[in-house]
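Proteins get letters first, then strands, A, B, ... in listed order; numbering begins at 1 in each.
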2 protein chains.
Amino acid sequence: MFRINKLTDYAVVLLLDMARAGQVRAAHQIAADTGVPVPTVAKVMKALVRAGLVRSTRGSSGGYVLARPAESIAVADMIEALEGPIALTACVLDADDTCEREGFCPMSGHWNRVNTAVRKALTGITLAEMAARPAPASWRAQPATDPGGVFRRPAPADSGPALA
Amino acid sequence: MFRINKLTDYAVVLLLDMARAGQVRAAHQIAADTGVPVPTVAKVMKALVRAGLVRSTRGSSGGYVLARPAESIAVADMIEALEGPIALTACVLDADDTCEREGFCPMSGHWNRVNTAVRKALTGITLAEMAARPAPASWRAQPATDPGGVFRRPAPADSGPALA
DNA sequence: CTGAAACGGGACCAATCCGGTCCCAATTGG
DNA sequence: CCAATTGGGACCGGATTGGTCCCGTTTCAG
């Protein structure tokens, strides 16, 4: 269903928590705060650190903090940190050499257009916006294609990520 | 890498081919025309028919045609036909009941905003636009975040979809 | 100087999902 | 009546993902 990874979902939850905390905290603290299992927190954090979204301090009294202000962390950054470059098809992996079938391939870069559109949409929403407790009026106000615009969770037990 | 399914990729190729053909053709003909294996064509077609994007005729001299003009078939339609509703997280599956954790869940509908943005991006590009042989100037002209904006294919053999 | 606390970088396995193939019933035209 | 075609599944092997664990490295506290 055109889903992001579960780990990516976790990443957003963890980043949100860190954005609200605003100070260095150990992985187990973040885990306790969010309900995400400790090993999973560790795994996600590794990816976030590698991507430069989070800064880590080792040793006793170490932990994690956001590496930059929440305003400059977009949803696209989080997804790319966990899942690599945003490319809907294998055709458009960002690289330097050109497709040897260019001019023959019927897609002719049209997917690239789609990718650009999606990436743009994912760059337009930042962690700071998500961290704002009341959902911003701009989103509650907009007509929303889904009637009502409410969101639900199919399985109450086996909750999964995206909630504390 | 935030990918669509391979079958969805095939679907776009097949739909493109049907858009150019403009007449009823059997699955094996479409397969021969696109290079997609016959059983896979059949499988994809089933989904496209169920979604109402393609009209089928059974019996001898039967086959498939687009059910509506290519201008009214968006990328979002194709993806939803193969992968179900576009929802980046399990939280926002379109349904009528509300999330019982609303007000407590830290995401509080922010994912819905992301979903809406993505869906909007995917609705803005139609099959007709993709079928136009020369890539539209609007796309070649735009600066493109990736330098050059060329697309490539990593593995020449084992080509996969998105090419004839 | 020593030890505990914490991160870093993997290896590893189970479970799930996906791609691809095949079979048979239903339908239709000749 | 026969041949051609789609419809709806079942089915399986391989790839991906989610989740856990282990051990080395770094740092602070005492």
Practice item. Examine distances only and state if a side-chain atom of B:E83 and a backbone atom of B:N5 form a donor-acceptor pair shorter than 3.5 Å. Key: yes
Review point. Between D:dG8, C:dT21, C:dA5, which nucleotide has the shortest distance from any of its atoms to the side chain of B:K46?
Key: D:dG8
Revision key, fill the gap. Checking D:dG18, C:dG9, D:dG9 against the side chain of A:L7 (C-beta onward), the nearest is D:dG18
Check your understanding: What is the distance from CD of B:Q29 to C1' of D:dA4, rounded to the nearest Å?
Key -> 12 Å
Practice item. Please state whether the phosphate of D:dG19, meaning OP1 or OP2, lies under 4.0 angstrom from any side-chain nitrogen or oxygen of A:Y10. Key: yes
**Study point:** Atom-pair distance (CG on A:L82; P on D:dG19), nearest Å
**Key:** 12 Å
Exercise for review: Starting from C1' on C:dG19, measure out to CE on B:M45 and report it in whole angstrom.
Suggested key: 17 Å
Exercise for review: Examine distances only and state if a side-chain atom of A:T8 and a backbone atom of A:I4 form a donor-acceptor pair shorter than 3.5 Å.
Suggested key: no
Practice item. Figure out the OH/P separation between B:Y64 and D:dT5, and round it to whole Å. Key: 11 Å
Review point. Taking for each residue the nucleotide of DNA chain D with the nearest heavy atom, is it B:K43 or B:G62 whose nucleotide lies nearer the 5' end?
Key: B:G62
Check your understanding: What nucleotide among D:dC21, C:dT28, D:dG8 has an atom nearest to a side-chain atom of B:R50?
Key -> D:dG8
**Study point:** Closest to the A:R58 side chain, choosing from C:dG20, C:dC7, C:dA26
**Key:** C:dC7
**Study point:** Non-hydrogen side-chain atoms of A:L127 and A:L16 separated by less than 4.5 Å
**Key:** yes
Study note, to complete from the structure: Among D:dT20, C:dG20, C:dG8, the one nearest any side-chain atom of B:T40 is C:dG20
Exercise for review: In whole angstrom, give the distance that lies between atom CD1 of B:I30 and atom C1' of D:dT6.
Suggested key: 12 Å
Practice item. Without swapping roles, check the side chain of A:R68 against the backbone of A:S72 for a donor-acceptor pair under 3.5 Å. Key: yes
Point to revise | Nucleotide nearest A:K6 when distance is taken to its side chain, options D:dA4, D:dG18, D:dT6 | key: D:dG18
Exercise for review: Answer with base, sugar-phosphate or nothing: what part of the nucleic acid does A:A27 contact at a heavy-atom distance below 4.0 Å?
Suggested key: sugar-phosphate
Review point. C:dC18 P sits how many Å from A:N5 CG, rounded?
Key: 11 Å
Revision key, fill the gap. d(A:L15 CG, A:M130 CE) to nearest 0.5 Å is 10.0 Å
Check your understanding: Taking atom C1' of C:dC7 as reference, at what distance in whole Å does atom CZ of A:R55 sit?
Key -> 14 Å
Review point. Does A:S56 make a side-chain N or O approach to OP1 or OP2 of C:dA6 shorter than 4.0 Å?
Key: no
Revision key, fill the gap. Considering only heavy side-chain atoms of B:A26, the closest of C:dG8, D:dT5, C:dA6 is D:dT5
Review point. To the nearest Å, how far apart are B:D9 CG and C:dG19 P?
Key: 10 Å
